[in-house]
Amino acid sequence: QVQLVESGGGSVQAGGSLRLSCAVPGHIYRTACIAWFRQAPDKEREGVAGINPAAGTSFFSDSVKGRFAISRDNLKNTLYLQMNVLKPEDTAMYYCAADVGPYCGPRAGEYDYWGQGTQVTVSS
């Protein structure tokens, strides 16, 4: 089975920053689109940002453009989500996901593998 492992969540005041990490098995990291989703209680799962490391392409939700950035460490097979200027509406459980097909975008139903999530809480 494929296992993605997220870390780096926590509590922060509005305007602060956090960096999330997603550790990905090597054979998946080299071939798949890896993305971040988030879900708050009573809300739909939302695509935040994603990247296909092999192609060097990415997508971002309009709500996080200019505030969040994706980076990667190819030696560690790890994807990072740097979150700056955090807002209370960013509060959610954040999930890492992988799609092994050609798709790389914000539709959650397209993704094949998921992590267990890491909680991000932003206070006003």
Side-chain angles (χ1 to χ4, degrees):
Q1 64 181 232
V2 175
Q3 184 176 41
L4 309 182
V5 180
E6 308 99 330
S7 62
S11 298
V12 65
Q13 291 185 322
S17 298
L18 288 171
R19 189 178 74 163
L20 307 184
S21 300
C22 176
V24 185
H27 67 288
I28 299 299
Y29 183 89
R30 289 187 294 271
T31 60
C33 173
I34 314 297
W36 290 97
F37 290 78
R38 64 187 182 186
Q39 189 166 24
D42 300 319
K43 294 185 179 179
E44 295 294 316
R45 188 162 293 191
E46 175 190 15
V48 177
I51 189 169
N52 184 324
T57 57
S58 62
F59 75 90
F60 290 88
S61 168
D62 288 341
S63 66
V64 306
K65 286 181 179 178
R67 300 189 297 120
F68 291 10
I70 284 180
S71 62
R72 61 189 186 271
D73 186 333
N74 294 336
L75 295 179
K76 296 181 178 179
N77 296 330
T78 299
L79 189 77
Y80 302 97
L81 182 67
Q82 179 66 47
M83 305 186 295
N84 300 319
V85 197
L86 282 161
K87 304 175 180 180
E89 51 262 47
D90 295 318
T91 295
M93 184 72 73
Y94 282 70
Y95 298 91
C96 185
D99 182 89
V100 299
Y103 182 78
C104 194
R107 299 182 68 88
E110 301 286 347
Y111 287 78
D112 303 297
Y113 306 105
W114 294 83
Q116 295 298 308
T118 185
Q119 178 69 38
V120 172
T121 302
V122 184
S123 60
S124 61

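In this chain, numbering begins with 1 at the start of the sequence shown. Side chains included, hydrogens not; waters and symmetry mates left out as well; all remaining heavy atoms used.
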Please report the interatomic distance CD1(Ile34) to OG(Ser58), rounded to the nearest 0.5 Å.
13.5 Å
Output all residues satisfying side-chain contact (heavy atoms from CB on, under 4.5 Å) with Gln119, sequence neighbours left out; order by chain, then residue number.
Thr91, Met93, Thr121
Heavy-atom nearest pair, Gln3 first then Val5, reads CG-CG2, 4.1 Å
Counting C-beta onward and ignoring hydrogens, is there a side-chain heavy-atom pair between Val100 and Tyr113 closer than 4.5 Å?
yes
Taking only distance into account, with no hydrogens and no angle test, what donor-acceptor pairs under 3.5 Å do side-chain atoms of residues 7-19 form with protein atoms, sequence neighbours excluded?
unit_1: Ser17; atom_1: OG; unit_2: Asn84; atom_2: OD1; d: 2.9

Tell me, which pairs form a ring pair (Phe, Tyr, Trp, His ring centres under 6.0 Å) where one or both residues lie in residues 74-96, sequence neighbours left out?
none
Whether the side chain of Glu6 engages the backbone of Gln116 through a donor-acceptor N/O pair (distance < 3.5 Å, no angle test) should be reported.
yes
Check: Met83 and Leu20 side chains under 4.5 Å, non-hydrogen atoms
yes
Pairs satisfying disulfide bond (SG atoms under 2.5 Å apart), at least one member in residues 64-124, at least two apart
Cys22-Cys96, Cys33-Cys104
Residues pairing under salt bridge (Lys or Arg N to Asp or Glu O under 4.0 Å) where one sits in residues 102-120, two or more places apart or in two chains, turn out to be none
Closest heavy-atom pair and its distance - Gly50, Ile70:
N-CD1, 3.4 Å
Of all residues at least two apart in sequence or in a different chain, which pass the side-chain contact (heavy atoms from CB on, under 4.5 Å) check with Ser63?
Arg38, Glu46, Ser61
If you compare all heavy atoms of Ile51 against all heavy atoms of Thr57, which two are closest, and at what distance to 0.1 Å?
CG1-O, 2.8 Å
Can you pull the ring pair (Phe, Tyr, Trp, His ring centres under 6.0 Å) pairs that have at least one residue in residues 31-73, sequence neighbours excluded?
Phe37-Tyr111, Phe37-Trp114
Got a sec, which pairs hit disulfide bond (SG atoms under 2.5 Å apart) with one end in residues 36-94, sequence neighbours left out?
none
Rounding to 0.5 Å, atoms OH (Tyr29) and CG (Asn74) come to a distance of 3.5 Å
Working to the nearest 0.5 Å, report the span between CD of Gln82 and OG of Ser21.
10.0 Å
Which pairs pass salt bridge (Lys or Arg N to Asp or Glu O under 4.0 Å) with one or both residues in residues 48-67, sequence neighbours excluded?
Asp62-Lys65, Arg67-Asp90
Which pairs with one or both residues in residues 48-81 pass disulfide bond (SG atoms under 2.5 Å apart), sequence neighbours excluded?
none
Among all residues two or more places apart in sequence or in another chain, which pass the side-chain hydrogen bond (donor to acceptor under 3.5 Å, both in side chains) test with Gln39?
Arg45
